[in-house]
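Computation of the quantities below employed the complete heavy-atom set of this structure, encompassing side-chain atoms and omitting hydrogens, waters and symmetry-equivalent molecules. Below, chains carry the letters A, B, ... as their sequence lines are ordered, and counting in each starts from 1. All values reported here derive from a predicted model rather than from experimental measurement.
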Amino acid sequence: MTDTAPANLDETSVDHIIIRFAGDSGDGMQLTGDRFTSASALYGNDLATLPDFPAEIRAPAGTLAGVSAFQVQISDHDITTPGDAPSVLVAMNPAALASELHRLLPGGTIIANEDTFDERNLAKAGYANSENPLEDGSLDGYTLIKVPMTSLTKEACAELGVKPRDADRSKNFFALGLVSWMYSRPMETTTDWIKAKFAKNELVVAANTAAFKAGHAFGETAELGAHKVTISPAKLEPGTYTNINGNTALSWGLVAATQLSGIPMFLGSYPITPASDILHELSSKKSFNIRTLQAEDEIAAVASAVGASFGGHIGVTTTSGPGVALKGEAMGLALSLELPLVIVNIQRGGPSTGLPTKTEAADLMMAMYGRHGESPMPIVASYSPAQCFDAAIEACRLALKYRTPVMFLSDGYLANGTEPWKLPDVDSLPAIDVEFATAPNAKNDEGEDVFWPYLRDPVTLARPWAIPGTPGLEHRVGGIEKQDGTGNISYDPDNHAHMVQIRADKVAVIADDIPPTMVTGPDDADLLVLGWGSTWGAITSAVRRATAAGHSVAHAHLTHLNPFPKDLGDVLKRYPKVIVPEMNLGQLSKLVRAEYLVDAQTVSKVKGQPFTAAEIYDVIVGALQ
Amino acid sequence: MSDTTVPETTKADWTSDQEPRWCPGCGDYSILTAVQMLMPELGVRRENTVFISGIGCAARFPYYMDTYGMHSIHGRAPAVSTGLAVARPDLDVWVIGGDGDMLSIGGNHLIHALRRNVNIKILLFNNQIYGLTKGQYSPTSEPGKVTKSTPVGSIDEPFNPISLAIGAEATFVARTHDMDRKHMQEMFRRAHAHKGAAIVEIYQNCNVFNDGAFAQITKRDKRDAMLINLVHGEPIRFGAEQERGLAMNSAGQIEIVEIADVGSDALLVHDEASEDPALAFAISRLATAPTMPTPVGVFRAVERPEYAAEVNRQVDEVTASHGAGDLHGLLRSLPTWDVTA
């Protein structure tokens with residue numbers, strides 16, 4: 001140990017800690033981080049996570065390209081982000097150290113698996129002349145804990161009869177055991193999980209458990225006492241909690257919408273990162289009256305959903321940006337047919353393939369305008385992993401009530417990040433009332449009862465939803481322009497102008513049916529930070545810091561981006577300065593500038609990484625100077 | 001539907017109030033009439049019948065049927081129909097499209113609907129030309145075809161839709177033509193009765209942009225000599241005097257023979273239900289253009305689990321074994337902890 005501090009007798013108590021686990025793609029870092037998070041959640045801490053992994057399943061071992069990382073912040077109080085700079089970096093190999101060290105807080109702690117710092121791995125990680133940073137003094141500004149994790153894991157597994165090569169695969173559990181000891185995590189959560197997860201292979205259970213316990217014991221015996229800290233449980237609102245990521249919450253929100261509406265769900269989807277987990281989750285929820293189709297392509301995914309909606313199901317399609325690009329024409333069809341449809345876009349870095357596993361929120365303009373013709377579509381955006389649940393219900397509600405496709409925007413950060421979620425009382429969730437048409441609604445020239453598929457509700461402007469199987473309401477719909485009311489093909493110029501306007505009005509009236517803008521902070525603040533989507537956590541944290549530092553700052557966050565809440569213009573004009581942090585080059589700020597003629601200033605970040613609170617804090621302070 | 005008696009209907013009941021807008025003399029009219037006249041015979045209800053189309057001349061078809069219908073977007077009708085059929089296995093879903101719609105822009109959806117064996121009845125109006133865009137060559141146009149987009153002749157190898165369907169694992173594959181209402185109706189009736197994806201290729205004359213494309217085989221005075229009628233379980237023969245037939249030569253290839261030369265025992269017996277698609281495929285390769293003796297009828301009709309039924313079987317089985325979904329329980333399916341005041 002380079003650490004020379006005396007063994008500490010008293011554990012230090014801290015209010016939060018940010019740990020970044022980093023290793024090779026094959027080292028199981030996502031699993032390690034996820035397990036540490038679960039143990040912390042069950043212990044009662046508040047937390048937020050940021051998985052950060054490459055698109056390649058297994059880039060060449062030991063290279064910088066193969067580094068997979070997982071950051072988690074745990075705290076004894078309410079937090080909204082996975083933290084800015086980690087104070088602890090677990091580096092399983094030289095590449096992990098090389099690629100992640102720049103993020104570590106000055107003076108932070110490095111826990112390195114020294115067994116992997118050999119000449120070959122050092123060279124692969126780009127250390128000149130294979131200089132070992134663990135030995136050359138270059139890490140003197142940090143607290144360095146060198147642990148021979150690989151050999152200790154192999155030792156711990158040797159007597160179990162596990163082959164050394166298999167034992168090597170358990171070293172992430174050694175790291176987990178060590179970190180669990182350092183942060184006083186209960187052991188049983190993890191050992192129970194290992195037992196359940198690997199129940200089919202006793203030897204794997206034994207090896208992982210042995211490695212985990214060896215790591216734990218190493219902390220206890222190897223004079224690491226100085227590093228042991230406790231983080232008390234957070235004082236969260238009373239209730240039952242679970243730790244959930246955005247894609248799971250979103251899936252469950254879709255399930256809930258089916259239950260609340262009594263309308264069966266059909267999901268048409270094509271696998272794509274980072275949205276595939278929603279397809280996986282809903283495929284296993286058949287008992288909730290949900291049917292899923294893994295379609296032949298993105299277009300078939302949305303087209304089949306449109307077909308199902310015509311049949312009286314709520315059609316859903318889940319994808320990421322490239323998929324939305326392919327679905328454009330079919331979304332326009334749903335818009336023209338005026339049928340319910342939910343399009344879920346888990347945004348990722350673009351254009352084209354871009355950064356499949358990295359986050360970005362640059363599809364707002366595509367959601368607004370990414371179809372030919374005048375084709376307005378309501379947009380709902382979630383702002384935290386758990387809130388994806390409510391947002392998914394809201395998207396379905398709007399689609400069903402207004403008979404319109406609705407774009408749901410989430411992103412890779414929300415999709416994979418987790419946070420504790422206070423479970424709602426399902427009986428208190430409001431029902432979504434949907435009625436199918438059952439009788440003719442008009443008379444023809446001969447005075448006979450007929451059904452007009454485009455005779456609208458005067459308030460919502462929604463057309464009746466008459467599903468096949470209903471006698472007497474047989475009708476034809478199509479993407480070709482139709483006469484309002486009868487639905488018959490019409491090329492009449494005035495009718496087209498009327499239909500274009502009514503489709504716009506139909507989206508606009510939704511403003512009467514959504515909550516006012518979510519605003520925190522004083523009405524007379526010197527500055528408003530306007531956000532949408534996953535920037536919520538970082539903005540909230542930054543605004544809290546700025547307020548604590550004596551600045552007068554407010555935060556408005558949008559969950560509905562089309563239409564905007566009715567009060568948004570007034571909100572924006574209330575403040576002398578408006579800044580808009582976005583993971584794009586300024587798409588929301590363009591929209592609000594165009595709509596409200598306010599001087600909204602863009603704060604842009606397009607690095608495939610979410611904003612840190614510090615970045616936004618600095619912008620706030622800078623803007624106020 | 002609790003009332004099991006299907007009301008008697010006539011062609012008029014299946015005819016919508018919309019005036020067809022096809023060119024006078026278009027083959028689409030005779031197909032529409034064949035379908036409208038057939039529907040009363042099928043013992044089905046208008047409200048349980050849906051016609052879904054893509055884009056193209058043929059795709060206007062649903063507007064003229066007084067049933068539920070959707071005129072969707074170019075090429076996607078098989079995908080739209082797959083979603084509808086899975087959501088509503090109680091419906092009869094017909095898919096209408098042309099060769100450009102289903103074999104070019106929508107080729108992918110067609111082959112996947114066929115391999116999945118979704119319970120949809122696909123009527124492929126093949127006129128070997130793009131009509132609605134005014135006369136470009138299509139994926140079934142013959143090589144060398146001169147059109148607006150191929151001024152010195154097409155260099156594309158065309159698809160043979162029957163071969164394509166068989167290759168795509170289709171369970172029901174048939175061919176008919178727009179000059180023979182009875183034969184069309186027989187093929188449509190068979191397609192309707194089939195449990196699974198059924199595709200019927202209809203040789204359809206476009207009298208404006210590709211007039212007479214099939215005249216050499218479908219004109220009344222040519223049919224006996226040029227159409228080879230496939231009948232399940234029967235030796236394959238044709239000709240005015242039924243004097244010719246199909247046989248397999250020593251190289252294993254299908255060829256046209258004179259019965260007088262080889263004897264009737266040498267003729268191939270048509271087996272539409274054969275598990276092995278090889279023979280049906282070989283028969284589909286016999287004519288490389290509708291100027292040669294061309295097989296018509298049911299090439300292939302085999303049983304395989306139907307997709308929508310399978311999807312719904314899984315839903316039912318999971319629901320039976322797990323009980324109907326419980327949202328309260330779902331939200332607690334990951335580890336939970338309680339925070340008390």
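Across A/Thr248, A/Leu236, A/Val306, A/Thr258, the residue that shares the most heavy-atom pairs under 4.5 angstrom with chain B is A/Leu236. Considering only heavy-atom pairs separated by less than 4.5 Å from chain A, the leading option among B/Met65, B/Arg116, B/Arg332, B/His74 is B/Arg116. Chain A forms more heavy-atom pairs under 4.5 Å with one residue of B/Val50, B/Asp66, B/Ile111, B/Val311 than with any other, namely B/Asp66. When the candidates B/Thr82, B/Ile73, B/Ile55, B/Val318 are compared by the number of heavy-atom contacts under 4.5 Å with chain A, B/Ile73 comes out ahead. Comparing B/Thr340, B/Leu330, B/Thr49, B/Asp326 by how many heavy-atom pairs each has under 4.5 Å with chain A, the most go to B/Leu330. Ranked by heavy-atom pairs shorter than 4.5 Å toward chain B, the options A/Ala234, A/Pro238, A/Ala249, A/Ser309 are led by A/Pro238. By number of non-hydrogen pairs under 4.5 angstrom with chain B, the leading residue of A/Ser38, A/Ser284, A/Gly479, A/Gly478 is A/Gly478.
Atoms CG and CG, on A/Asn245 and B/Leu334 in that order, are 8.5 Å from each other to the nearest 0.5 Å. Taking NE2 of B/His112 as the start and OG of A/Ser304 as the end, the distance is 13.0 Å to the nearest 0.5 Å. Considering CG of B/Asp17 and CD of A/Glu446, their distance stands at 9.0 Å, rounded to 0.5 Å. Atoms CZ and CG, on A/Phe389 and B/Leu331 in that order, are 5.0 Å from each other to the nearest 0.5 Å. Atom CZ of residue B/Arg21 and atom CD1 of residue A/Ile489 lie 5.5 Å apart, to the nearest 0.5 angstrom. Rounding to the nearest 0.5 Å gives a distance of 8.0 Å between OG1 of A/Thr292 and CD of B/Gln314.
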message: The test is side chain to side chain contact (heavy atoms under 4.5 Å, CB included); show your working for A/Phe310 and B/Val80 and say whether it passes.
response: CA-CA 9 Å; A/Phe310 184 66; B/Val80 171; over 6 Å; no

- request: Give the intermediate values and the outcome of salt bridge (Lys or Arg N to Asp or Glu O under 4.0 Å) for residues A/Lys286 and B/Asp316.
  value: CA-CA 8 Å; A/Lys286 299 190 196 309; B/Asp316 293 344; over 6 Å; no

- request: Could you give me the CA-CA distance, side-chain angles and deciding distance for A/Arg291 and B/Asn312, then say whether side chain to side chain contact (heavy atoms under 4.5 Å, CB included) is met?
  value: CA-CA 8 Å; A/Arg291 285 150 191 79; B/Asn312 285 283; 2.6 Å; yes

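Applying the 6.0 Å contact sphere to CG of A/Asp445 captures no more than 12 heavy atoms from other residues, nucleotides or ligands. The environment of B/Tyr29 atom OH is dense: over 12 non-hydrogen atoms of other residues, nucleotides or ligands sit within 6.0 angstrom. More than 12 non-hydrogen atoms from other residues, nucleotides or ligands lie less than 6.0 angstrom from NZ of A/Lys422.
The closest donor-acceptor contact from the side chain of A/Arg476 to the backbone of B/Tyr64 lies at 3.5 Å or more, if one exists at all. Using a distance-only test at 3.5 Å, with no hydrogens or angles considered, a donor-acceptor pair links the side chain of B/Tyr68 to the main chain of A/Thr470. Side-chain atoms of A/His313 come within 3.5 Å of backbone N or O of B/Ala87 as a donor-acceptor pair. Side-chain atoms of A/Thr242 come within 3.5 Å of backbone atoms of B/Pro335 as a donor-acceptor pair (strictly under, hydrogens ignored).
You'll find the side chain of A/Leu333 stays beyond 4.5 Å of the side chain of B/Arg76, heavy atoms only. In this structure, A/Leu293 and B/Val86 have side chains that are not in contact, with every pair of non-hydrogen atoms separated by 4.5 Å or more. The shortest distance between side-chain heavy atoms of A/Asp427 and B/His328 does not fall below 4.5 Å. Two residues are said to be in side-chain contact when any heavy atoms from C-beta on lie closer than 4.5 Å; A/Asn289 and B/Thr319 fail this criterion. Considering only heavy atoms from C-beta on, A/Tyr241 stays 4.5 Å or farther from B/Asp338 through its side chain. Contact annotation: the side chain of A/Asn488 approaches that of B/Gln18 to within less than 4.5 Å [non-hydrogen atoms, C-beta and beyond]. B/Tyr63 is listed as a side-chain neighbour of A/Ile480, based on a closest heavy-atom distance under 4.5 Å. Taking 4.5 Å as the limit, some side-chain heavy atom of B/Arg88 sits within range of a side-chain heavy atom of A/Pro468.
Neither the backbone nor the side chain of A/Asp425 comes within less than 4.5 Å of any heavy atom in chain B. Proximity to chain A (any heavy atom under 4.5 Å) is shown, for B/Phe51, by neither the backbone nor the side chain. Contacts of A/Ile290 with chain B are made by backbone atoms alone, with heavy-atom separations under 4.5 Å and no side-chain atom involved. For chain B, the nearby part of A/Lys285 is the side chain; its heavy atoms alone come within less than 4.5 Å. For a residue to count as touching a neighbouring chain, one of its non-hydrogen atoms must lie under 4.5 Å from one of that chain's; by this rule A/Gln259 touches chain B with the side chain only. With a 4.5 Å cut-off on non-hydrogen atoms, B/Leu91 touches chain A through its side chain but not through its backbone. For chain B, the nearby parts of A/Ala41 are the backbone and the side chain; heavy atoms of each come within less than 4.5 Å. Using a 4.5 Å cut-off between heavy atoms, A/Ala330 touches chain B through backbone and side chain atoms alike. When heavy atoms are compared at a cutoff of 4.5 Å, A/Pro233 does not approach chain B at all. There is no contact between A/Pro453 and chain B, counting heavy-atom distances below 4.5 Å. Using a 4.5 Å cut-off between heavy atoms, A/Trp421 contacts chain B through its side chain alone, with no backbone atom that close. Contacts of B/Val315 with chain A are made by both backbone and side-chain atoms, with heavy-atom separations under 4.5 Å.
Closest approach of B/Ser333 to A/Trp252, counting heavy atoms only: OG-CZ2, 3.5 Å.
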